[in-house]
Amino acid sequence: MEEEFITPTDVKRFVYCPKIIYISKVLHLEERVTDYMQYGKEKHDKTIISPLIASLKVKKVLEDVEMESSGLRVRGKVDYVLITKFNEYIPAEIKWAETFQSIKRDHALQIATYALLIEENFSTVVKRGAVYYLRSKKAMVASINNELKKEAKDLIKKIHKIIDEETEPDVRVAKEKCKNCGFKNYCLRF
C-alpha cells in the first residue's frame with residue numbers, strides 16, 4: 001500500500017476542525033466550493049505582496065514552489081518563498097480572509113508546515129513566515145520558532161493517525177466555525 005501524503009492545507013484544516021480530515025481523507029468526500037474559496041484560489045499577481053517584498057528586503061521571489069518531505073509524508077505548493085538579501089527564506093501565503101491582531105492560528109500552523117518543507121528542500125532554517133490577507137489588505141509577518149515547528153510536526157502525526165487508522169476524531173468546535181464550513185453537509189453534527 002502506498003503511503004498517503006498530506007498537505008500544509010490539511011494541517012490548516014485540522015487546526016480549524018479535525019473532523020474535516022476524517023471527512024476529506026478517510027471518507028473521500030469533496031468540500032463544497034464557495035465563491036470566496038474560488039476567489040482565493042485564483043492566481044494573484046505578486047504586486048499584491050510588494051509591501052512585504054520592500055519591508056523584508058527581498059532579493060528574489062519564488063512563486064508556486066512545490067515541495068515534498070518523505071519523512072513527514074507531506075507535500076505542498078506554497079504561494080511564495082521570499083528570499084531576503086540576507087539569504088533568509090520566508091514562506092508567504094495569500095489568504096482571502098480577514099484578520100485581527102495577528103496571523104490566524106490555522107494559518108500560522110500551515111505556514112510552519114511550509115517552513116518544515118522549505119528547511120528540508122532548501123537546506124536552510126526558516127525563522128519567519130508571512131500571510132497577506134486580501135480582504136483586510138494587510139500583510140503580517142510572524143516568528144516561526146522551534147515550538148511552532150514541533151506543534152506542526154505533532155499535528156502532522158495526528159492527521160496521519162486519523163487517516164491510517166480511519167478513526168473519526170471525537171471533537172467539538174464552536175458552532176460559528178460550522179456556519180461557513182464547506183464540509184458541514186457531511187458532518188454528523190447537523
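None of the values given here were measured: they were computed from a predicted structure.
Relative to the six-membered ring of F5, R75 meets both conditions, a distance below 6.0 Å and an angle of at most 45° to the axis.
Residue pairs that meet the ring pair (Phe, Tyr, Trp, His ring centres under 6.0 Å) test with at least one member in residues 121-142, sequence neighbours left out, are Y89-F122, H107-Y133. Sorted pairs that involve residues 48-60 and meet salt bridge (charged side-chain N to carboxylate O under 4.0 Å, His left out), not counting sequence neighbours, are lacking altogether. Residue pairs meeting the ring pair (Phe, Tyr, Trp, His ring centres under 6.0 Å) criterion with at least one member in residues 141-164, sequence neighbours excluded, do not occur.
Remark: T113 OG1 to I144 CD1 distance equals 9.0 Å, nearest 0.5 Å. Expressed to the nearest 0.5 Å, how far SG of C181 lies from OH of Y186 amounts to 10.5 Å. Atom CG of residue N146 and atom NZ of residue K127 lie 9.5 Å apart, to the nearest 0.5 angstrom. For the atom pair NZ of K157 and NZ of K153, the computed distance is 8.0 Å after rounding to the nearest 0.5 Å. To the nearest 0.5 Å, atom CG of residue D10 and atom CD1 of residue I20 are 10.0 Å apart. Between the CD1 atom in I159 and the CZ atom in R13 there is a gap of 10.5 Å [rounded to 0.5 Å].
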Worksheet entry | salt bridge (charged side-chain N to carboxylate O under 4.0 Å, His left out) between K150 and D154, worked out | CA-CA 6 Å; K150 183 187 179 318; D154 291 344; 2.9 Å; yes
Discussion item. Pair L109, K12 - check side chain to side chain contact (heavy atoms under 4.5 Å, CB included), show working.
Written reply: CA-CA 6 Å; L109 283 152; K12 175 182 70 89; over 6 Å; no
Discussion item. As a quick check of understanding, evaluate side chain to side chain contact (heavy atoms under 4.5 Å, CB included) for L134 and I48, giving each step before the final call.
Written reply: CA-CA 9 Å; L134 286 167; I48 287 175; 3.9 Å; yes
Item to complete: With side chain to side chain contact (heavy atoms under 4.5 Å, CB included) as the test, would you mind laying out the steps for I118 and T124 before giving the verdict?
Response: CA-CA 7 Å; I118 289 169; T124 189; 4.0 Å; yes
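Within a 6.0 Å radius of NZ in K138, other residues, nucleotides and ligands contribute more than 12 heavy atoms. Residue E147 qualifies as open at atom CD: its count of foreign heavy atoms under 6.0 Å is 12 or below.
The shortest distance between side-chain heavy atoms of I49 and I94 falls below 4.5 Å. Taking 4.5 Å as the limit, some side-chain heavy atom of I163 sits within range of a side-chain heavy atom of I6.
The two residues G76 and Y114 come nearest to each other via the heavy atoms C-CE2, 4.3 Å. Nearest heavy-atom pair, V141 versus I103, reported as atom, atom and distance to 0.1 Å: C-CD1, 4.4 Å. Nearest heavy atoms, I162 versus P18: CD1-O, 4.4 Å. Across all their heavy atoms, G129 and I90 have their closest contact at CA-CG2, 3.9 Å.
Checked for salt-bridge contact, R73 and E4 miss the test: no charged N lies under 4.0 Å from a carboxylate O. A salt bridge is defined here as a Lys NZ or Arg NE, NH1 or NH2 lying under 4.0 Å from an Asp or Glu carboxylate O, and E88 with R128 meets this definition. The pair E68-K77 fails the salt-bridge criterion, with no side-chain N (NZ, NE, NH1 or NH2) lying under 4.0 Å from an Asp/Glu carboxylate O.
Judged purely by distance below 3.5 Å, without hydrogens or angles, the side chains of K95 and Q110 pair a donor atom with an acceptor atom.
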